[in-house]
Enquirer: 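Take this structure first; my questions come after.
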Amino acid sequence: MNGKNPMPQWNFPEGDGLPARQLVEGTLAPIVVLDAQLRHLYVNPAWVRVSGIPASSFLGRTLGEVLPDLQSPDDVLIEVLADGQPREATISGTTGVSSPLGQRLWRVVYHRVDLPGQGACLYGIGVEISSLRRYLDDLETAHQRLALLDAAATRVGTTLGIEPTCQELVDFLSPSLADMAAVGIVEEEFTGAPPPPPGFLRLRKMAGSAPPGMEWLLRQMGGPGPYVDVPRGVATRHCMDSGQPWLGNLASDELFQRVTVAPERAKLFRAAGIHSLLIVPLISTGRPVGVVLLGRAGASQPFADDDLVTFQALAGRAAVSIDSARRYSYEHAMALELQRALLSEPRTPHPAVEVAARYLPSGHSVLVGGDWYDSIPLPESRTLLVMGDVMGHGFQAAVAMSQYRSLLRTIAASVAGVDKILGEFDRQVAHLGLDRLATCLLAVMDPDASTCTMASAGHLPPAAVRPDGSIEVLWLPAGPPIGTGLGGYEPLTVRMDRATTLLLYTDGLVERRGTDIDASVQALEALSVPADGPLDAMLDTFLAGLANGAYEDDIAILAARPRDETE
C-alpha cells in the first residue's frame with residue numbers, strides 16, 4: 001500500500017496571530033489530520049507520546065496499519081466525510097507505551113475540513129478517559145468498603161474509654177477489612193514499670209482481633225508482657241515518626257523482619273499464613289497516639305490503594321477518639337479533630353493564584369457537618385475552586401463529605417468545564433446511590449485571561465471583593481443539588497482582574513433564623529473589607545462582621561485572587 005511511500009506532512013496555514021502549529025503542537029490533547037482514505041496527514045506531539053510511535057511512521061498510513069491493537073472507528077469517520085456533520089467516536093486498545101491502566105480509551109471528536117490540495121479531510125481531537133473508566137470500575141467495587149467506613153462512625157468511639165475504643169476499632173477492621181488487626185497505644189506514663197531505654201518508644205498492646213485459629217498470633221506477636229519498646233529503624237516506629245503508613249504486600253521475610261522488634265518473630269507471620277501487612281499510624285494533633293497493624297492471609301487479596309485511603313481516614317477518626325479519652329478532652333474537641341481529619345487541607349493551587357480558607361464548627365453543637373472546600377490546580381495557570389455542603393450533620397455527613405470531595409477531585413482531573421464537571425459529579429453520585437444531597441459551587445480562576453468561570457449546583461452565589469473594598473454578589477444560575485441525577489448546570493464567566501478577590505462560602509456564614517436567605521446574602525454587599533491586605537485578614541473581617549462569634553451552623557469560607565506578578 002502507499003504506506004511504503006509516506007505522503008509529505010500537511011503544512012499548517014499561518015495567520016496574523018499565534019501560528020496554528022504552535023497551538024496544536026502545544027496542547028496535551030492528541031490531534032490528527034486524515035485524508036479521505038483515512039490515512040494520516042499529520043499527528044501532533046501529544047499523540048506521538050501516548051502512542052509510542054514516531055510521527056513519520058503515521059504519515060500515509062491508516063491507524064490500523066500503524067497500531068493494529070487499537071480499534072479504529074472507521075465507520076464513523078466515513079459518515080463524517082459523507083455528510084460533514086461532526087461526530088464523537090471511541091478509540092480503544094493498547095499502544096506502544098506501557099500503561100498501568102492496561103486497556104486504554106480515548107474519546108475523539110472528528111470534523112470534516114477542506115484542505116488546499118487535499119480536498120475533504122478529517123480533523124480529530126481526543127481526550128483519554130482510561131483513568132476515569134477504571135476509576136468508575138474501582139469505585140463500584142469499593143462502595144461496600146466505603147459504606148463500612150460510614151458505619152464506623154457509630155461503632156468506633158462510642159465511649160470515652162481507651163480500651164473499649166481500641167477494641168471497637170479492631171473488631172470493626174477484622175474480619176471486614178483485614179484478617180488480623182491489632183492496635184498499640186503510645187505509653188507516656190510509666191507508673192509501676194521502668195521507663196523505656198533512651199531513644200525507644202513504648203507501645204502498650206491494647207486490643208486485637210483475628211479469626212479462630214489465629215488468636216495465638218496476637219498473643220505472641222509483641223512478645224511477653226503488656227507492652228513493647230520500639231527502637232528507631234523498625235517500620236512501626238518509622239510510621240509513627242513520619243505520620244505515613246507502611247505497606248508490605250506479598251512481603252518477603254526481610255520485610256517482615258522490619259516490622260518486628262525481634263527479627264525471629266517474623267516467622268510468626270509465615271506460620272499464620274499472613275502474606276501482606278499494613279501499618280497505619282494513629283496521629284492526633286500532630287503527634288503519634290498509637291499504631292494499627294493489619295494483616296491479610298491465605299486467599300485474601302493484598303492491600304490496594306483504596307484500602308490505604310479507607311484505613312487512613314478511619315485511623316484519623318480513631319486517633320481522635322483515643323486521644324480524647326486519654327487526655328479527658330471535651331466532646332466538642334473530639335468532634336473538631338474528626339472534622340480536621342476528614343477535611344484535609346485543599347490542594348495547592350496554581351502558583352498564579354493565592355488562596356486562604358477557614359472551617360469553623362457550629363458554636364451550639366458538638367456535631368460535625370458536611371461543609372468542604374478545595375483548590376485544584378489546572379493547566380495553563382488556572383485553578384479550580386470548590387465550595388460544597390453535604391446536607392445533614394454528624395459523623396455520617398462528614399464521611400459523605402469526604403467521599404464527595406475525593407470523587408470530585410477525580411472527576412475534575414478528566415473532565416473540562418465547570419458545568420460538565422458538575423453534571424458528571426451529579427450523575428455519579430446518583431448512580432452510586434449515595435443518599436445525601438449536596439450543594440456545590442465551582443469556579444475556575446484564569447489569571448492569564450483575567451476571567452473566572454463559575455457554575456452552581458444549588459449553592460449560594462459567590463461574591464467579588466473589588467479593589468476599592470466594595471463587594472458585589474455574583475448571582476448566577478443555580479442548578480439542582482448534587483445527587484438528584486437531574487443535571488442541567490449553566491456556566492457564567494465574569495471579568496476577574498488581579499486586584500479582585502473571589503469569596504466562596506457555605507450558608508453558615510450568612511443564614512440567620514427569620515431572615516430570607518437572599519436578603520442575608522445581599523447583606524454581604526454592605527460590608528467593608530481590606531481589599532489589598534492578606535487574605536486571612538479579609539476572612540477575619542467577614543467572620544467578625546457576619547458570624548459575630550456564635551455560629552448557628554458550620555462555616556466554610558474560601559478567598560482566592562490572582563497573585564500579584566511583582567511578588
Side-chain angles (χ1 to χ4, degrees), residues 330-346 355-375 385-402 404-405 408 436-443 456-465 471 473-474 478 481-482 501-530 534-560:
Y330 293 107
E331 189 178 10
H332 183 73
M334 181 181 68
L336 178 58
E337 292 301 327
L338 170 62
Q339 185 71 7
R340 287 175 178 168
L342 290 176
L343 184 59
S344 58
E345 286 297 314
V355 170
R358 300 280 181 84
Y359 168 78
L360 298 173
S362 167
H364 301 299
S365 173
V366 297
L367 295 177
V368 293
D371 295 8
W372 92 90
Y373 52 80
D374 212 347
S375 59
L385 306 170
V386 181
M387 182 61 65
D389 186 359
V390 177
M391 295 184 182
H393 289 279
F395 295 150
Q396 292 181 353
V399 172
M401 173 273 292
S402 181
Y404 285 23
R405 188 185 195 199
L408 181 59
R436 288 180 180 269
L437 299 180
T439 63
C440 187
L441 175 67
L442 301 184
S456 173
H459 202 82
L460 296 178
V465 182
I471 300 172
V473 176
L474 304 176
I482 299 299
T501 300
L502 185 70
L503 183 75
L504 286 68
Y505 52 92
T506 55
D507 54 6
L509 181 69
V510 296
E511 191 173 39
R512 297 295 176 268
R513 292 179 185 176
T515 304
D516 180 80
I517 186 63
D518 288 345
S520 297
V521 172
Q522 199 71 42
L524 284 171
E525 298 184 340
L527 292 178
S528 178
V529 298
L535 291 182
D536 282 327
M538 183 182 296
L539 294 183
D540 289 339
T541 301
F542 274 111
L543 292 172
L546 293 173
N548 197 29
Y551 319 127
E552 298 179 359
D553 195 0
D554 297 335
I555 296 174
I557 182 172
L558 181 147

Enquirer: Say you draw a straight line from CG of Leu441 to CG of Asp389; how long is it, rounded to the nearest 0.5 Å?
Expert: 12.0 Å
Enquirer: Side chain to side chain donor-acceptor pair (under 3.5 Å) with Asp540: which residues, sequence neighbours excluded?
Expert: Arg358
Enquirer: Looking at CE of Met538 and CG of Leu527, how far apart are the two atoms once the value is rounded to the nearest 0.5 Å?
Expert: 11.5 Å
Enquirer: Would Asp374 and Leu385 count as a side chain to side chain contact (heavy atoms under 4.5 Å, CB included) if you check the C-alpha gap in whole Å, the side-chain angles of each, and the deciding distance to 0.1 Å?
Expert: CA-CA 6 Å; Asp374 212 347; Leu385 306 170; over 6 Å; no
Enquirer: Of the options Leu524, Ile555, Val510, which is the one that meets Phe542 in a side-chain contact (heavy atoms from CB on, under 4.5 Å)?
Expert: Leu524
Enquirer: Can you list the residues that meet the side chain to side chain contact (heavy atoms under 4.5 Å, CB included) rule with Thr541, with sequence neighbours excluded?
Expert: Val529, Pro530
Enquirer: Could you tell me whether the side chain of Pro461 reaches within less than 4.5 Å of the side chain of Val473, counting heavy atoms only?
Expert: yes
Enquirer: Holding to side chain to side chain donor-acceptor pair (under 3.5 Å), I want the full list of residues that pass it with Ser456, two or more places apart in sequence or in another chain.
Expert: none
Enquirer: Working to the nearest 0.5 angstrom, can you tell me the gap between Leu460 CG and Leu509 CG?
Expert: 9.5 Å
Enquirer: Answer yes or no: is there a donor N or O on one side and an acceptor on the other, between the side chain of Thr506 and the main chain of Asp371, under 3.5 Å?
Expert: no
Enquirer: Measure the shortest side-chain to side-chain distance between Leu474 and Leu502 over non-hydrogen atoms and say whether it is less than 4.5 angstrom.
Expert: yes
Enquirer: Could you check if a side-chain atom of Leu408 sits within less than 4.5 angstrom of a side-chain atom of Cys440, using non-hydrogen atoms only?
Expert: yes
Enquirer: Just wondering, do Trp372 and Met387 contact through their side chains at under 4.5 Å, heavy atoms?
Expert: no
Enquirer: In Å, rounded to the nearest 0.5 Å, how long is the span from CG of Leu504 to CG of Leu558?
Expert: 6.0 Å
Enquirer: Does His459 use its side chain to pair, donor to acceptor, with the backbone of Tyr505 at less than 3.5 Å?
Expert: yes
Enquirer: Is any side-chain heavy atom of Ile482 less than 4.5 Å from a side-chain heavy atom of Leu437?
Expert: no
